[in-house]
Protein chains: 2
Amino acid sequence: MTTAQRLPARDRLLQAADRVLFDRGIRATPVDELLREAEVSAATLYAHFGSKDALVAEALRNRLADWRAVWDQHIVAAGDDMARLLAVFDALAAYRGGRHRPARWCAFLAAATELPDAPDEISEVLGADTALLAERLLQLSRPLAGARAQDLADEVLVAYSGALAALLRGSPRDPIQVGRRLARTAAEAHSRG
Amino acid sequence: MTTAQRLPARDRLLQAADRVLFDRGIRATPVDELLREAEVSAATLYAHFGSKDALVAEALRNRLADWRAVWDQHIVAAGDDMARLLAVFDALAAYRGGRHRPARWCAFLAAATELPDAPDEISEVLGADTALLAERLLQLSRPLAGARAQDLADEVLVAYSGALAALLRGSPRDPIQVGRRLARTAAEAHSRG
DNA sequence: GTCTATAAGCGGATAGAC
DNA sequence: GTCTATCCGCTTATAGAC
C-alpha cells in the first residue's frame, strides 16, 4: 500500500459532484458547496469545466458509464433468460449499495426535472440512459416473449422507472424488490403466451 | 350564459400557478412570470400568500383535491373489483386530458425533487398524495388478493409511479397504458393465488 | 504550470416599502 | 401597482503560493 495520494483537483471535483449533487439536489447545491467539499478553488473549477452545468454533465456521464458496467456484470452473472431480464433490478440494488453515495432516487431523472432548460449536453445523458434501458430490455425480452418482446420491454422499463420514483416517494418500503416482482410476473405472463 | 367575470386576484394566481408551475418547472418559473400570467402585482401575491413557497403549497393542495375527486369518479363508475383497482390509471389519463394543463409528469414528485429543503407545508402534500394512494390501493386490492393485498397494493403503487416517471423519460410511448397492463397482470397473478 | 485565496461583477429572484 | 432593497448564486479577475 503506497501512501495516500491526494487526487488532482479535477477528480476531487467530480467525486464531490457525484457525492453531493444527486443526493441533496442539483439546483439546491450551490457551487460554493462543491468547492468546499472538493477543497478546490473556484478558479480551478472554471478552468477545468467552464460552468456548473458542464461539471454536472460530466458527472452524469461518469455515472452512466458506471451504471452500465454494473448492469453488464449482473447480466453476465445471471443463469438463464429470466434472470438476465431481471438483472436490471439486482444491478440497481447493487449500484445503490456500492461505492457511490446513493442518489435520492435517480440522477438522470432528477436532472431532467430539476433542469428543464438544461443545455443539450445534459439532456443527452438522460436520453442515453433511456436508450440504453430501452434497447437492452428489448434484447433481453426476446427470448422470453418472442413477438411480444416490445410489450414486455416497455413493461419492465415502467417497472424499473417506478422503483426509482417510489424511492423518491418513500413508499413502498423496498420498491426495487416490488419492481422486480412486477417485472417477473409480466415476463411469466408473456412466456405463457 | 352570464358575462365573463374576472376572477379575483387570488384565484387568478392559483390558476396561473397550476398552469405554469408544474409544466415548466417550479424552480425554473420565476415569480414575475406568475405575476404576468395572472395579471397581478407582486404586492398582491405577497399579501395573499406571503411567499412563493406558500403559493406552491396551496396550488399543490388544490391539485391533490382535484385528483382525488377525479379518481373517486372513476372508482364509482367502475363495474367490478378489477376495474376499481385499475381505475387509478384511467383516472390519471383522464386527469391529464382534463381541464388542467397536464404536468410534465407529476406535480407532487416534481415538487419533492425540485424542493428538497421545502417547508413542511409542501412536503406534507407529497406525503398526503402517497398516503392516499397507499391506503386506497390497499382497500381496492383486498377483494382481489385477500391476504396478499399489501403485496398487490405495493405493486400497483410502483406501476403507477412508473407510469409517471416514464412520462418524464419520454419512453415508452404510452406509459399509462403500460402501467395499467402491469397492474392488471399483477392482480391476475394474485387472484389465481 | 497547477492550484489557492480573495474579491468583486452581475443577473435574477424574493420580498417589502412606498 | 410601481419601485426598490436585499440577497443569493454563478462566474470572472487579480495576485500569489507550492
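Lettering follows sequence order; numbering is per chain, from 1.
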Does a salt bridge link A:D81 with A:R142, judged by any charged N lying under 4.0 Å from a carboxylate O?
-> no

**Item:** Whether A:E114 side chain and B:E114 backbone form a donor-acceptor pair below 3.5 Å
**Value:** no

From CZ of A:R36 across to P of C:dT4 the rounded distance in Å is 15 Å

Footprint ends on DNA chain D, 5' to 3', for atoms under 4.0 angstrom from a heavy atom of chain B, come out as D:dG1 to D:dT2

- Query: Heavy atoms under 4.0 Å, any strand shown: does A:A47 hit a base, just sugar-phosphate, or nothing?
  - Reply: nothing

Salt bridge (charged side-chain N to carboxylate O under 4.0 Å, His left out) pairs touching residues 37-46 of chain A, sequence neighbours excluded, are A:R19-A:E37, A:R24-A:E37

Separation of C:dA13 atom C1' from B:L21 atom CG, nearest Å, is 14 Å

Taken to the nearest whole Å, CG/B:L55 to P/C:dA13 is 16 Å

message = Would you say A:S41 places a side-chain N or O within less than 4.0 Å of OP1 or OP2 belonging to C:dT6?
response = no

query = Are A:R184 and A:E188 close enough for a salt bridge, meaning some N to O gap below 4.0 Å?
reply = yes

When rounded to whole Å, the OH to P distance for the pair A:Y46 and C:dA5 reads 17 Å

inquiry  = Once you apply a heavy-atom cut-off of 4.0 Å, does B:E39 come out as touching a base, just sugar-phosphate, or nothing?
reply    = nothing

B:L35 CG to C:dT14 C1', in whole Å, measures 11 Å

- Salt bridge check: are A:R181 and B:E155 linked by an N-O gap of less than 4.0 Å? yes

Between CG of A:L45 and C1' of C:dA5 the distance, given in whole Å, is 15 Å

Review point. Is A:R68 salt-bridged to A:D129, going by a charged N under 4.0 Å from an acidic O?
Key: no

When rounded to whole Å, the CZ to C1' distance for the pair B:R27 and C:dG12 reads 13 Å

Categorize B:A43 for me: base, sugar-phosphate, or nothing, with a 4.0 angstrom heavy-atom threshold over every strand shown.
base

| task | Could you tell me whether A:R12 contacts a base, only the sugar-phosphate backbone, or nothing, with contacts defined as non-hydrogen atoms closer than 4.0 Å? | result | sugar-phosphate

Quick one about B:D154 and B:Q150 (side-chain donor to acceptor, distance below 3.5 Å, no hydrogens or angles considered), yes or no? yes

